[in-house]
Number of protein chains: 2
Amino acid sequence: MVKTAKHNRQEVIQKATDLFWEKGFHATSMRNLQDFVDMRPGSIYASFGSKEGLFKEVLKCYANASAARLEACIEASSSPLEALRTFFNLAVIDCREPSSGGMCMLVKTISELTDENADLQIEAKQLLGIVEDGFAVLLDQASACGELDSSKDPRRLARFLQMQLMGIRAYALANDETEQVNELIEDVFSSLR
Amino acid sequence: MVKTAKHNRQEVIQKATDLFWEKGFHATSMRNLQDFVDMRPGSIYASFGSKEGLFKEVLKCYANASAARLEACIEASSSPLEALRTFFNLAVIDCREPSSGGMCMLVKTISELTDENADLQIEAKQLLGIVEDGFAVLLDQASACGELDSSKDPRRLARFLQMQLMGIRAYALANDETEQVNELIEDVFSSLR
DNA sequence: GATAAAATTGAGCGATCGTTCAAATTGAGT
DNA sequence: ACTCAATTTGAACGATCGCTCAATTTTATC
């Protein structure tokens with residue numbers, strides 16, 4: 001027998017992601033969430049325990065989706081660097097669709113939260129590390145197949161790329177000129193060579 | 001006759017900056033501010049009109065201070081690129097002192113706020129533009145005095161640098177390894193040549 | 001020192017916050 | 001159909017939100 005619960009957990013998390021991503025943790029009220037996912041407070045608290053609990057679950061799903069997208073870029077591309085390039089383009093496009101909040105949700109979370117909610121901060125930092133690890137693996141491959149100057153340290157390059165992606169998505173928030181943002185991606189990847 | 005008001009306006013704004021920068025707009029309550037600047041609500045509202053009004057004034061002062069710091073870096077340096085390098089180092093150090101919020105306050109603001117508070121968003125975007133203009137002027141000089149390959153477009157390079165600075169400060173939030181952050185600055189400036 | 005203007009105070013407004021829980025509803029096993 | 005556990009509901013809790021304003025204190029002028 002299939003799941004018959006009125007609210008599919010993944011759908012709820014997805015909707016909560018949309019809202020949290022756009023408005024941030026503090027500016028999203030439980031009443032906003034109740035309306036948006038069409039659940040009453042008791043149900044939400046029975047499922048997720050607290051606003052923080054729901055948010056933490058949202059962060060995990062978001063990071064999983066990011067890792068999955070990077071994987072998809074790899075399979076759709078013929079080389080490691082091309083995969084990274086595709087991933088960057090996707091991230092910036094996602095950044096621009098009005099439904100999303102713009103920046104990487106993990107960065108936005110780290111930026112917003114303080115020592116209150118320390119556990120959420122730590123969670124977000126760890127999840128960012130996972131994505132960076134994915135970059136490092138790809139850059140290792142790029143180095144191995146000669147697509148990248150093998151004298152460069154892949155781990156350091158991964159940090160460099162992670163930083164640049166954060167920068168581009170932040171910059172895109174403040175500057176609506178799509179062409180200029182695309183030039184930034186261009187500049188990043190030409191600086192790799 | 002000198003100003004004898006109990007609360008110097010600039011001091012109040014500076015304290016408010018510290019609090020807003022660290023906690024963000026939404027997470028900073030008026031009661032937090034009342035305690036921190038030691039003023040009662042009536043006084044604050046008489047001076048600044050609203051929480052938004054105070055925040056907008058804080059943003060302006062923050063941007064002015066940034067521009068002034070860039071100017072100071074220019075005077076303390078012997079070349080345009082060296083001035084930029086000093087400015088980057090300063091920004092990242094400021095980023096790391098625990099009193100401040102870490103990221104550039106303007107980026108953090110744009111990241112946090114939504115269409116509610118649209119005027120604050122617009123304000124922050126414009127102020128960011130001013131800093132970028134400062135970069136462009138410096139890069140123009142660097143190009144003129146041969147410190148920079150004159151085939152490169154200074155405006156585009158200014159956007160590139162602005163993006164990188166955003167990226168580094170965001171990255172520094174998620175990664176506490178000072179050495180790795182310094183390597184990032186290294187990488188950015190070596191990619192300019 | 002009397003007086004008027006300016007600045008500051010703090011109790012408290014209505015609204016909203018995250019959260020709880022007794023009651024109502026639903027779904028599976030018999 | 002009946003039962004019982006699981007799920008969902010929504011009114012309501014105390015706390016806190018941004019903010020107001022009559023009352024008080026401070027300051028400037030004479």
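Proteins come first, then strands; the chains are lettered A, B, ... in the order of their sequence lines, and each starts at number 1.
- Counting to the nearest Å, the C1' atom of D:dT16 and the NZ atom of B:Lys51 are 12 Å from each other.
- Distance B:Leu54 CG to D:dC17 C1': 16 Å, rounded to the nearest Å.
- Put simply, CZ on B:Arg9 is 11 Å from P on C:dA7, counting in whole angstrom units.
- Checking C:dT19, C:dT8, D:dT8 against the side-chain heavy atoms of B:Ala46 singles out C:dT8 as nearest.
- Looking only at atom types and distance, the side chain of B:Gln14 has a donor-acceptor partner in the side chain of B:Asp18 under 3.5 Å away.
- The residue A:Gln34 sits close to a base: some heavy atom pair falls under 4.0 Å.
- Note: CD (A:Glu116) to P (D:dT16) measures 12 Å, nearest angstrom.
- Counting heavy atoms from C-beta outward, B:Asp187 and A:Arg156 have side chains that approach closer than 4.5 Å.
- Checking side-chain atoms of A:Lys152 against main-chain N and O of A:Leu192 turns up a donor-acceptor pair under 3.5 Å.
- Here B:Tyr62 and B:Phe20 keep their ring centres 6.0 angstrom or further from each other.
- Considering all non-hydrogen atoms of both residues, B:Ala174 and A:Leu128 come closest at CB-CD1, 3.8 Å.
- Nearest to the side chain of A:Met30, among D:dG10, C:dG18, D:dC19, sits C:dG18.
- Note on A:Ser50: only backbone sugar-phosphate atoms sit closer than 4.0 angstrom, heavy atoms only; bases stay farther off.
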Report, one line per pair, each donor and acceptor closer than 3.5 Å where one atom sits in a side chain of residues 137-145 of chain A; sequence neighbours left out.
none

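- Side-chain nitrogen and oxygen atoms of A:Ser29 include none within less than 4.0 Å of the OP1 or OP2 phosphate oxygen of C:dT16.
- Rounded to an integer number of Å, the gap from B:Asn32 CG to D:dC19 P is 14 Å.
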Please tabulate the protein-to-nucleotide N/O contacts below 3.5 Å involving nucleotides 11-15 of chain C, giving atom names and distances.
residue : atom : partner : partner atom : Å
C:dG12  : O6   : B:Arg31 : NH2          : 3.3

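- Rounded to an integer number of Å, the gap from CG of B:Asn8 to C1' of C:dT8 is 16 Å.
- Between A:Phe25 and A:Phe55, the ring-plane angle classifies as perpendicular under the 30° and 60° cut-offs.
- Computed from coordinates, the A:Tyr45 OH to D:dC13 C1' distance equals 13 Å when rounded to whole Å.
- Here the P atom of nucleotide C:dT9 and the CD1 atom of B:Ile44 are 10 Å apart, to the nearest Å.
- A:Thr28 comes within 4.0 angstrom of the backbone, heavy atoms only, and of no base.
- Among the nucleotides C:dT8, C:dT19, D:dT9, the one closest to the side chain of B:Ser43 is C:dT8.
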